[in-house]
Number of protein chains: 2
Amino acid sequence: MGIIRKTPSIEVLLTEFTRNGTAISAIELVKRLDGKLNKTTVYRVLDKLEDDGILHSFLDKKGIKWYAKCNSCTHDKHFDSHPHFQCLNCGKVDCVTVDVSIPKIPNREIVISQILIQGTCENCIN
Amino acid sequence: MGIIRKTPSIEVLLTEFTRNGTAISAIELVKRLDGKLNKTTVYRVLDKLEDDGILHSFLDKKGIKWYAKCNSCTHDKHFDSHPHFQCLNCGKVDCVTVDVSIPKIPNREIVISQILIQGTCENCIN
DNA sequence: AAATTTATTGCAATTAAGTTGCATTAACAA
DNA sequence: TTGTTAATGCAACTTAATTGCAATAAATTT
């Protein structure tokens, strides 16, 4: 893959992710960029950025799709197996930089694993 | 909560889960019981059975809702933090009885964690 | 056993995240 | 500057899941 054309849409979306380090849900981006970018475009650009290894995606407990900036992903391989933490109070989601080792399971081959942690974030804990 | 009335719907749905030990998706149950039970009823009974601590639910990577029989859940507390394994080949999903310890995260309180593992199951590995 | 209460069910309509088809626009290479 | 084709916008669609409401039927009361 690789980004083929540098368009305003791609820049606009990337800016949203560089603004702060947290994950952003697809619908949130659609709402946030309403009037600026079309819903379809948002979904398609996000998809492409994920293909390119720039963003990675995951679903929260409600099945809502979230995206976050990748650290060491390539378009070949996504290292998105770190846990994602969702605050039950403020809704914020971010990537947690701890290693969780998934134990081997007899007779099964593990391809991907996804860990979603929900609780209270550092801002809401007090 | 607790089941208030013992209706055929509840029995029909529970039978599906006792038939074999794997998890079943909500839509799969809706399809499987088409003509026998209404879609709305399926969703509502599943919801109630989860409330009662008889089933627990989780979402797969596509955002589809799955249910599985609980082992030691009560209507107060769901011990659903064991991983769920979904076969990328046959689609089967089941509960994995291994303990995955989620490390404590500084300044955050963990309430629930959900682990979804995808790969090849014991039937499809050969 | 009949009447009463109200949880449960079925049906149709709705919701909402995400997708698709297609005509139009605009990167960017030649 | 022209031609190619990726990217975009719009409208319509898809699909899992939910909601409102009237009808039905457990289970309790009389």
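Computed from a prediction, not measured in an experiment: that's the story for all the values here. Residue numbering restarts at 1 for every chain, and letters A, B, ... go by the order of the sequence lines.
For Lys31(A), there are no salt bridge (Lys or Arg N to Asp or Glu O under 4.0 Å) partners at least two apart in sequence or on another chain. Judged as a salt bridge (Lys or Arg N to Asp or Glu O under 4.0 Å), and not counting sequence neighbours, Asp60(A) has no contacts. Every residue two or more places apart in sequence or in another chain that forms a side-chain contact (heavy atoms from CB on, under 4.5 Å) with Ile125(B) is listed here: Glu109(A), Thr120(B).
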Using nucleotides 18-22 of chain C, report all nitrogen or oxygen pairs with the protein that are shorter than 3.5 Å.
unit_1  : atom_1 : unit_2   : atom_2 : d
dG18(C) : OP1    : Lys65(A) : N      : 2.8
dG18(C) : OP2    : Tyr43(A) : OH     : 2.7
dG18(C) : O6     : Lys39(A) : NZ     : 2.9
dT20(C) : O4     : Thr40(A) : OG1    : 3.2

Can you pull every protein N or O that's under 3.5 Å from an N or O on nucleotides 1-6 of chain C?
unit_1 : atom_1 : unit_2  : atom_2 : d
dT6(C) : O2     : Arg5(B) : NH1    : 3.4
dT6(C) : O2     : Arg5(B) : NH2    : 2.9

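Rounded to 10 degrees, the angle separating the terminal helix axes of the helix from dA1(C)-dT30(D) to dA30(C)-dT1(D), each built from five base pairs, is 30°.
For the pair Thr7(A) and dT8(D), the criterion of a side-chain N or O lying under 4.0 Å from OP1 or OP2 is met. OP1 or OP2 of dC11(C) sits under 4.0 Å from a side-chain N or O of Asn38(B).
The closest side-chain heavy-atom distance from Leu59(B) to Leu59(A) is not below 4.5 Å. For the pair Ile115(B)/Phe85(B), no side-chain contact is recorded, criterion being any heavy-atom separation below 4.5 Å from C-beta on.
If you take CG of Leu13(A) and P of dA7(D), they are 13 Å apart, rounded to a whole angstrom. For the pair Asp47(B) CG and dT9(C) P, the computed distance is 13 Å after rounding to whole Å. Atom CG of Asp34(A) is separated from atom P of dA16(C) by 15 Å (rounded to the nearest Å). Here dT9(C) presents its C1' atom at 11 Å from CD1 of Ile10(B), a figure rounded to the nearest Å. Atom CG of Leu37(A) is separated from atom C1' of dT8(D) by 9 Å (rounded to the nearest Å). Note: CG (Leu49(A)) to P (dA7(D)) measures 11 Å, nearest angstrom. What separates CD1 of Ile4(B) from P of dT9(C) is a distance of 11 Å, to the nearest Å. Atom C1' of nucleotide dA16(C) and atom CD of Glu28(A) are separated by 15 Å, given to the nearest angstrom.
Within the nucleic acid shown, Val30(B) has no heavy atom closer than 4.0 Å to any nucleic acid atom.
Within 6.0 Å of the CG atom in Asn107(A), the count of heavy atoms belonging to other residues, nucleotides or ligands does not exceed 12.
For Glu28(B) and Lys65(B), the salt-bridge test fails: no basic side-chain N is under 4.0 Å from an acidic carboxylate O. Checked for salt-bridge contact, Arg108(B) and Asp94(A) meet the test: a charged N lies under 4.0 Å from a carboxylate O.
Side-chain N or O atoms of Thr41(B) include none that pairs as donor or acceptor with a backbone N or O of Leu37(B) at under 3.5 Å. Remark: the backbone N or O of Cys87(B) is not paired with any side-chain donor or acceptor of Gln118(B) at under 3.5 angstrom.
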Inset, instruction - Could you check Glu122(A) against Ile105(B) for side chain to side chain contact (heavy atoms under 4.5 Å, CB included), going step by step and ending with a plain yes or no? - result: CA-CA 10 Å; Glu122(A) 73 275 21; Ile105(B) 308 167; over 6 Å; no
